[in-house]
Amino acid sequence: MKLIKNIGLALFILALTIFVASLTLSNHTLTEAVLSKNISNTYHQEMIKQQAGDLMGKEFGSNVAFINAFKPVLNNSLEALDKASGVDRANGIWNAVPEKLPKGVSENDYRMFPNTVDDYLFSLTKYSAGGLLPGNSNWFFLLSFILAALGGLMYLLPDLNLIPGIKNNQIYDSPATRGITFQVRMIFLGMTILTSILMVFFKYLLIGILTIAAGIFIIYRIYKTNKENNVSFSKTRKATAPKGLGWIGISFGIFLILFYVTLYFFPEYITNWTLMLDPISESLSGNTAGRWFLYGFLYTMVMFVMGIRMLIKYRHNNYQLIRTGSVMFFQTAFAFLIPEFLLRLNQPYMDFKNAWPLDYDFFFEIDKMYGQGTEFAIAGWATSVGTMMFIWGIVLTLIVVPFFTYYFGKRWYCSWVCGCGGLAETLGDPYRQLSDKSLTAWKYERYIIHGVLVFAIVMTGMVIYTYMTGSSNILFLDSYNVRSWYGFFIGSMFSGIVGTGFYPLMGNRVWCRFGCPLAALMGLVQRFQSRFRITTNGGQCISCGNCSTYCEMGIDVRAYAQRGQNVVRASCVGCGICAAVCPRGVLRLENGTVDIDNRVTELKTVHVKSINFKDGAFSLEGNEV
């Protein structure tokens, strides 16, 4: 079995190497045929050809060389079209002068915008490609995506021969899962923020300054608080490596961070990966693969492989088997396949399980959903598929989420449905012990996550105001800038780069614990008005610490169990791992009635009505258990 695992590991490393190397295996030539096929706007076509000059038809040996040559061309085209339409930013003229536009052509049809440049650069880089990979994309798909999945399964399946149950598996000794010290975490966090800002510095200058300032402030406050309380990191964190750093985990974290930075901000450099997925994308939606199809496919495949790992590891616990199967199903069906099928049917794209404010851009472009898609009638009321999708999004947020959270707590969504939670529970499971259990972390958790919730509410309110009034200026803020800040700072930096890239560094629920606004909203319901809690039987607790070690949300479950106190925390996602790893059955997940506290107390208490003594012996009568 060890041989099979080693072969599987070797295949996975080989596939990963091919996957990364494939980015360099193409040359690029921009021809008029490629330009006209990918850019339908004739004004843009002519201006790009004019600005490109001798670069048209020239072969470039790599995508990097092609991008470095044509990105200035596209930016120059944007500026030339702005100048021709009368835009003069230096003198405060931000909109086109109608008299300078071609007759019958709108400003949006004539001008190029920054997002237009980004889209054009991605398409031209992808479809100007030739050489080894574009000519053999199917083979590279098999040697990277499929071989990696096969190698991962070969590495995981032999664990079925192990005795089921949780055991001492040296998670604090492995260089892949032992974690890193507090100081190194702060260095990584600072480096990640700084690097991301430098890479997009000229695009998001103000956000960069604010992000760096916020990072410095958080690091300073944590340091000052620990120093005032005379608390060293080794005393506040039990999930810290006692011997050096986890170099494999650090390497994996760096890879994830670089992947997310490239995906969000520089997708033109990963077009070769999308070429390999074009046949699958075309078969599902009828469209070629873009960066988000690439991300969705990778996301789903990783959750499937690592989900099998979860099923093997926790096969002794039926709750974990059903829960893991649930997140795998919802990710595959609702987040990946159904939205793609909707596009093939010419309907609006929608992930039906994604609720606001996690789906923060739900209100950004209402017109692209409301009134779109196939029209039909319900009891004489004319409507459309897009309108019903929009209504469902409102109902999901205002009715479904609070209702189910009241009865089942956050777990119905965070641990059974959500894609973010699904990836955390599968890919992130090896790192769940790295969550910070200190009171300091708990304090900042509450400040940060509820701050993000307020940010999301304010941003959404401004977006709706702009949609209804047509004015983007609210006091001294512009709603378009605010939503851009949220998308960059929360949607990209926090949820992706830090939230997932920091799995091997800070645990698998960094985003869910510190940043998800939907988790914050459901947490308020769970904390103050929900039937869900984890009940404890303190008399059976042996203080082994398994529950606290494996809690991904940083809850010191053992402290509750030792006192016989029920766990009612806003952050708890009800994953049930604490109960699964408890050797004594101390913990139990319950959806009780509103009098659950009294009921549980009754279950734990023996009430004696009377004691009768007879012939030197005594008996208990009327026991109530």
Side-chain angles (χ1 to χ4, degrees), residues 171-172 174 176-193 214-242 245-246 249-250 252-253 256-257 414 420-421 424-425 428-452 494-495 497-516 519-520 523 545-561 567 569-573 575 577-578 581:
I171 55 176
Y172 295 136
S174 169
T177 59
R178 66 168 45 145
I180 55 179
T181 63
F182 173 78
Q183 291 79 9
V184 178
R185 287 185 180 191
M186 292 301 101
I187 291 173
F188 262 94
L189 184 60
M191 287 176 59
T192 301
I193 294 174
I216 293 174
F217 175 75
I218 291 172
I219 294 172
Y220 168 74
R221 286 298 304 164
I222 293 175
Y223 171 77
K224 184 178 180 180
T225 302
N226 286 345
K227 187 175 181 180
E228 289 174 351
N229 295 312
N230 193 28
V231 177
S232 66
F233 181 72
S234 60
K235 294 180 181 178
T236 61
R237 287 285 294 111
K238 298 302 182 184
T240 305
L245 303 177
I250 291 176
F252 181 49
L256 287 176
I257 291 169
C414 297
C420 301
E425 292 291 346
D429 178 71
Y431 310 105
R432 62 173 56 248
Q433 70 279 358
L434 301 180
S435 61
D436 195 326
K437 312 300 191 297
S438 69
L439 292 177
T440 301
W442 185 16
K443 179 175 69 175
Y444 283 103
E445 166 195 323
R446 289 175 289 176
Y447 292 156
I448 296 172
I449 194 170
H450 293 113
V452 173
F494 203 159
S495 68
I497 297 172
V498 175
T500 305
F502 274 56
Y503 277 3
L505 309 177
M506 297 179 66
N508 62 323
R509 287 274 190 174
V510 178
W511 163 246
C512 309
R513 181 182 179 188
F514 292 97
C516 179
N546 275 2
C547 52
S548 293
T549 296
Y550 283 91
C551 179
E552 59 193 354
M553 298 303 291
I555 300 174
D556 188 0
V557 182
R558 179 173 61 178
Y560 287 86
V567 181
R569 286 274 287 271
S571 59
C572 178
V573 294
C575 66
I577 296 296
C578 57
V581 300

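Using a cutoff of 4.0 Å between basic side-chain nitrogens and carboxylate oxygens, R513 and E552 are not scored as salt-bridged.
With a 4.5 Å cut-off on side-chain heavy atoms, I257 and F502 count as touching. In this structure, the side chains of I448 and F494 come closer than 4.5 Å at one or more pairs of heavy atoms. Between Y560 and I555, some side-chain heavy-atom pair lies under the 4.5 Å cut-off. Counting heavy atoms from C-beta outward, I171 and T549 have side chains that approach closer than 4.5 Å.
Considering OH of Y444 and CG of D436, their distance stands at 12.0 Å, rounded to 0.5 Å. In this structure, the separation between CE on M553 and CZ on F514 is 8.5 Å, given to the nearest 0.5 Å. Here C547 contributes atom SG and I577 contributes atom CD1; the two are 12.5 Å apart, rounded to the nearest 0.5 Å.
Taking all atoms of both residues into account, the shortest heavy-atom contact from L434 to P504 is CD1-O, 3.3 Å. Looking at every heavy atom in both residues, C512 comes nearest to A519 through O-CB, 3.7 Å. Here the closest heavy-atom approach between residue G249 and residue L505 is recorded as O-CD2, 4.4 Å. The two residues A424 and N508 come nearest to each other via the heavy atoms O-ND2, 2.8 Å. Closest approach of G554 to R569, counting heavy atoms only: O-NH2, 4.4 Å. Across W511 and C420, no two heavy atoms sit closer than the pair NE1-SG, 4.1 Å.
Under the 3.5 Å distance criterion, the side-chain polar atoms of Y550 are left unmatched by any main-chain donor or acceptor of R432. A side-chain donor-acceptor contact under 3.5 Å links S548 to the backbone of R558. The closest donor-acceptor contact from the side chain of S495 to the backbone of G515 lies at 3.5 Å or more, if one exists at all.
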